[in-house]
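Fair warning: this is a prediction, and the values are worked out from it, not measured in the lab. Basis for what follows: all heavy atoms, side chains included, without hydrogens, waters or symmetry-related copies.
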Amino acid sequence: MVIPLLVPRPYVPVDPKDPMPVTNDEQTCSLFALVVYTYLDPIIFLGARVSHLRFDQLPPLSDTDYSKNLTKEAFPHLDPFVGAKRFGLLFGLLWVFRKRFMISALLIVAHAAAYFASPIGLYYILDYLETGKSSFKSDIRPWFWILSMFLGPVIRSLTFQWYSFINTKTLIQGEAILTQLIFEHSLRIQFKVENPDTKSGRSHGQESATAIAVPETAPTTEASIPTEDGEGNITVKAGSSSKPSKGKRASVSKVKKDGTKLKEMKAESANLIGKLNNLVTTDMRNILETRDFLMLFLFVPLQIFLCCAFLYQILGWSAFVGFACIVLLFPLPGYMAKLTQDIQRTRIKMTDARVQDISEAVSVVRMIKLFGWEKRMSDRIKDKRENELVWLWRLTTLEVLNQISNHLIPIVGMIMSYATYTVIMKQELTVSKIFSSISVFSMLRSQLDRIASQSVVLIQGKVSIERVDDFLRNTELLDAFLQETPIRNTSHCNQQAIGFNDATFSWSLGTNASLTSSELSRDFRLQINGELTFKSGCINLITGPTASGKTSMLMALLGEMHFISSTSNSWFNLPRDGGVAYAAQEPWIQNKTIRDNVLFGSPYDEIRYRKVIYQCALEQDLKIFDAGDETEVGEKGLTLSGGQKARVSLARAIYSPAKILLLDDVLAALDVHTSAWIVDKCFRGDLVMGRTVLLVTHNVDLAVPVSSYIVSIGSNGSILTQSRDAEIIENTLECSMESSPESSRDHEDLQVLNEENHPLCEAREEKSDHGRLVAAEEIAEGRIRWKSIKLYLAALGGKHPMVFFSSWAAGFLLTDWTNTFQTWLLGYWGSQYENHPASQVNVAYYLGQYTAILCTMTTVYTLTFVYYIFGMMRASRTVNNLLVESILGSTLRWLDETPTARIIARCTQDISAVDNPIPRQVSALTETGMSVITKFGVITIFTPVFFTPGLAVAGLCMYLGSIYLKAQLSVKREMSNARSPILSNFSAAITGIVSVRAYGAQALFKTENLQRIDHYVRTARISYNLNRWFGLRIDLLGSLFTVSLATYLVYSDRPVGAGNAGFSLNMCIDFCMMVMWLVRNFNNLEVEANSLERIQQYIDIEHEPKATDAGKPPASWPTSGELRVQNLSARYSQAGPDVLHDISFTVKSGERIGVVGRTGSGKSSLVLSLLRCIVTDGTIYYDGTPTNNLNLDVLRSNITVIPQTPELLSGTLRRNLDPFEEHSDADLNNALRDAGLFALQEELDGTRITLDSNITAGGANLSVGQRQILALARAMVRGSKLLILDEATSAIDYKTDAVIQATLRHRLASDVTVITVAHRLQTIMDSDKIMVLDAGRIVEFDTPTALLRQEDGMLKALVNRSADKSTLHSMAEGTTAVLCT
């Protein structure tokens, strides 16, 4: 029997074809080692020796925990697309882990039975002390009952720890499965225009919830396709649209019928991003915390039944009186639980709203800083936080009241039982009966407490699992995943054809017919009548004005829009057997090296790779970076300029083996010469030859010569022309304001002049550590620093910490003393029956005393905890505000180095810990600490001989806790940091979802996510198992101490009396339990305080100077746009080299300045230095005031920068233009008109954007060109005297660009200074002056005419190499009309 328990077990791999290279001791250790967790001894003692346990020092992950194995087994029961039945997520999870739940049920039964060994043993021991040996009721000797008081708790601990072992393993595996399930389902979502009032479509026959985000979209378009003429060319007039046939969409009546849900949908849609973050953080946590549901549904009823049986044996039928009182009072906590559920639902919505604001603020934090909106955005987040804290206050207060009621109800039942037993039944309430029944009533109270606490947990989990289930089953999906998908009748077309026939596409399956016309209706319809087929094996050009539907045509081909069959011959086709590559208008760049971004999972072919780098004009860029193509580009490509990101995205498409390339305006972010290089070297190169290319571009003149087929879309969305003859396009294209060099190009002199538009592109000195930008997340070592603990305690104490902590501690101490005294009073009452008959014992007196003490204790405790809740709310508010203000006040450099996922994790996961676990652990630690002191003092008073053993037990517990904690802290820190990479991968995939699906790279991202989940599971499993190691040993020590005291009391020659013996044993049991909980609570607090440590790290970051009273300018400042720069030098860090060198220049108020220069010349550095975003020397005078003395928010709020990639907020267009409600609608509409929006929409009937139009997060439901127009309008609304345009019109067609330039020349106030950084020379050639930068110095700065007269001048060289040289000279001389007629 013994030897098999000690023999190691053989390793049995889950997959015999893929065994583990190094096994985990958990799989091979002996059964004895597995039960008592001695296989964890090596990691425990290693953790005690080293300052920090590294990840590679942890035991390897068992193959039973591999996420690929878990998902393979679980998905058929959970994922509807892998065969799961429609029983819901909850039942699916129950089925997946059914075997473990059955084993857990058996352990729970054994655990419940073992609980009663101690009360039974205590009863007989006290009875023995009361009656003596002669009249002892039991034939069994006292040593047996003493032994039962030892074995019972040991068995109870073994069963509980083994139950917890199975349960936590299920928890971690469930988290892995659900995380991967949510991730994979996110890859199926139809990313559509999601307005708050839009009723979404359906999935699996149900009405859908909202999607996450959307790619670039365009207005509703109708494309009429005519017949061929005799020449074989296809020319058309705008035809009428055909009505789409009935698709899978909600009817108007259905929407009206469900009109009551529109407000709820509006809130849910607006908070969608926050909701998704919560799904994989807060909701995941709530779901997994319901793992103890068996304790509620099995253990609690079983315990209550056994308690009833025991008490009936001790107190007779009077026990049922107490039970009746408990039953009558039990609806009270049930009602509170119902209130808790309602409050919890509302609180989650408030949390969603805050997380949405946080996520959005983090995503556009650079815009917030450049606009000087830090304080205003911080105030907005604080308001959302206040709303959340109101409901958190209600929830916490209700939970406390519920716990108190559950604590009092069994005590009331106990009092009624005692009263009935003594007053009515006239029985003697002896010491043995009192203390044994007290322990059982305490067990009963624990079960009611469990009902209260776990009911809340289950309610929260139920709400969260419903949210996840709703996301999995009711989210609008791509057509490929819908049960009812319109038939694509491709029998009428060549299976290799690329195109459409009588096809209609929509972003939504629903309808907006019930919405007001003021909404941005955009129930998008791309409607193509007739046949449109692209030519294979060549470049197909798609051109048209901004928002005409060019990108939507690509999205339709990729299947990103819903296909609606118009006729029986309707079809669209994009053959994927040869592969598809896609380069988005907004380049999607991963947080990896440049090489990894280009390869994108394809095998490395050095020859092909070198060709791609050369043809995509990246060679010069790679020379800039110290690490070359091994340079990490940061999140969203932060280290790259707009042009570099576009070329990396293009290089990815060119390098891929795909036969079909979809390129969406890849030339927009490039200057004319780089664009010419791309066209000449890449589009005419051998890597593109023979591949089918669909190229969307505004740069028509440059792209026409390499195009074999051209489709021209009109401003109203109609197909103007489609032709195989490039010459026919000349009669239908809009006038192009800029031509590209063609036959006259000098190939030898052609240089790559990438315009850099991001501050870091010029910070070459910042690249170090072999190209690494984003440092590995810092992991603290050793114990939690006092500074982190102090952060919370200072916030908890507020302005008067001594008053708060002394009052709070005094309340808890008084509560504990009162509780101890009432226990002694019961023992004293019972001891009266030893010397007096029952008739002489004043029952009413003792009952009255006990009741009065109980009421006093309850009142004090309630007031104390409510007082503490005030401190909790203050701490939650203060810590959150400190974190938000710290992040918003950080430097741009820090933001570039820090992934968004890490910031969001601090503001969600770690703030959630501040709201709940940390304050509860602080309170629990304080209460248990005072209880240990009180109970140890009482034991010492009644049994002084146990003073030393008590200290020894406490010391040994502290030692075990210390070595456990050192290992646990290291593992917990690794575990916390292992979460962020999962969120980062989730975010990266969702951001580039269109590219991921276009490339067919879903499997690549799924595998990556599985690997990151495995990394997390490896740390989480060992973390929970360490708890089992510690808990078992502490329980064993407590049992030994209790048995020692019981043995002393029974066999000692110094009798202490049955009453005092019962009181001492009761205190001893409580002392052992409290010592265990003291160590455990201390450990739990240090573990949870890891969140405080992580928050403290982000509070201690580098910050920009804070605002002061001395930095406020006069109220009238600025009165002009005059700018004077003297000896300006700039660098990106204090120790870094200068990127600007002693620059001096003066700009008069109202002048228009153009800025040009080569890569790394300092253009972006100059812009940032004007805003003091980088370290500067020298002086900048703005309207005569030196800016180095101004507060940053004042300076930046009076300078407006429009970046190449504008950032928009979710909400209405009005909120984007005027987020703080400072202007009238008339002013906002004037700004939109001046920015060119009205000119753009003059031909777009029914699809106009108004101030009430809803903009999704990041402006995702608008094209890039539209976003640039809105950003320009926002700048005009601000009314700054200094306006800086950094490639602000690169994605806008030439006609709209001309309208904008005319506005900048004629509609701005005469004292507004405009500085324009542009690729298009025509954009700046009529400027008052042009500044040419090179290597951080001004090499030319004069009027355009003066610069064009300079021999060997840089500007003159740029102009002379342009095909429209004469036009540029005319513009410089002021003789050419600005607008094209």
Side-chain angles (χ1 to χ4, degrees), residues 153 156-157 160 396 399-400 403-404 406-407 438-439 442-443 445-446 449-450 452-453 783-784 789 792-793 796 804-823 857-858 860-862 864-865 867-869 871-872 916-940 946 950-962 964-965 968 1027 1030-1039 1041-1042 1064-1089:
R156 184 180 68 195
S157 180
F160 176 75
T396 307
E399 287 177 352
V400 170
Q403 291 173 6
I404 292 174
N406 280 284
H407 179 82
I438 283 179
S439 62
S442 177
M443 289 163 56
R445 181 174 65 245
S446 298
D449 287 341
R450 189 187 297 275
S453 60
R783 304 298 288 269
I784 297 294
I789 301 295
Y792 185 78
L793 294 181
L796 187 67
F804 175 82
F805 287 114
S806 58
S807 301
W808 171 49
F812 279 149
L813 190 61
L814 181 59
T815 300
D816 194 66
W817 285 354
T818 308
N819 185 45
T820 303
F821 179 70
Q822 74 173 5
T823 304
M857 182 188 71
T858 303
V860 172
Y861 182 82
T862 302
T864 301
F865 213 101
Y867 182 61
Y868 178 68
I869 294 176
M872 286 173 55
N916 197 340
I918 291 176
R920 290 186 183 278
Q921 291 299 334
V922 169
S923 174
L925 181 64
T926 304
E927 290 186 62
T928 52
M930 294 180 177
S931 183
V932 164
I933 295 173
T934 300
K935 288 171 174 52
F936 183 71
V938 170
I939 293 172
T940 303
F946 270 81
L951 286 181
V953 168
L956 194 54
C957 288
M958 293 297 179
Y959 168 74
L960 290 174
S962 177
Y964 152 80
L965 185 59
Q968 181 66 284
N1027 291 339
F1030 173 70
L1032 181 64
R1033 283 150 182 79
I1034 291 294
D1035 288 342
L1036 183 61
L1037 278 176
S1039 298
F1041 184 67
T1042 303
S1064 297
L1065 281 174
N1066 185 280
M1067 290 296 103
C1068 179
I1069 293 172
D1070 285 350
F1071 170 73
C1072 294
M1073 183 176 65
M1074 287 298 110
V1075 168
M1076 179 194 71
W1077 280 110
L1078 176 66
V1079 177
R1080 182 169 289 175
N1081 288 331
F1082 182 78
N1083 294 344
N1084 290 342
L1085 177 59
E1086 285 220 65
V1087 169
E1088 293 293 346

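Heavy atoms from other residues, nucleotides or ligands lying under 6.0 Å from OH of Tyr867 number more than 12.
Heavy atoms only, all atoms of each residue included: Gly1031 and Ser157 are closest at O-OG, 4.2 Å. Residues Phe1030 and Cys957 approach most closely at CE1-O, 4.4 Å, considering heavy atoms. Heavy-atom minimum distance, Ser923 versus Phe865: OG-CE1, 3.5 Å. Ile789 and Ala1089 make their closest contact through CD1-CB, 3.7 Å (heavy atoms, listed as atom of the first residue, atom of the second, distance). Residues Val922 and Thr926 come closest through the heavy atom pair O-OG1, 2.8 Å. The shortest non-hydrogen separation linking Met872 to Leu796 is N-CD1, 3.6 Å.
Rounding to the nearest 0.5 angstrom, the gap separating the CZ atom in Phe1082 from the CG atom in Leu965 is 6.5 Å. The CG atom of Asn1027 sits 3.5 Å away from atom OH of Tyr964, with the distance rounded to the nearest 0.5 Å. Leu956 CG to Arg1033 CZ: the interatomic distance, rounded to the nearest 0.5 Å, is 11.5 Å. To the nearest 0.5 Å, the span separating CE on Met857 from OG1 on Thr862 amounts to 9.0 Å. Distance check, rounded to the nearest 0.5 Å: OG1 of Thr396 to CZ of Arg920 gives 6.0 Å.
Remark: aromatic rings of Phe812 and Trp808 are close, center separation under 6.0 Å.
Take Gln403 and apply the side-chain hydrogen bond (donor to acceptor under 3.5 Å, both in side chains) test, not counting sequence neighbours, and it matches no residue. Residues that satisfy the salt bridge (charged side-chain N to carboxylate O under 4.0 Å, His left out) test with Arg450, not counting sequence neighbours, are absent from this structure.
Counting only distance, with no hydrogens or angles, the side chain of Thr940 and the backbone of Phe936 share a donor-acceptor pair below 3.5 Å.
Side chains of Tyr861 and Thr818 form no contact here, defined as non-hydrogen atoms less than 4.5 Å apart.
Among Lys935, Met1074, Glu927, the one residue that satisfies the side chain to side chain contact (heavy atoms under 4.5 Å, CB included) test with Asp816 is Lys935.
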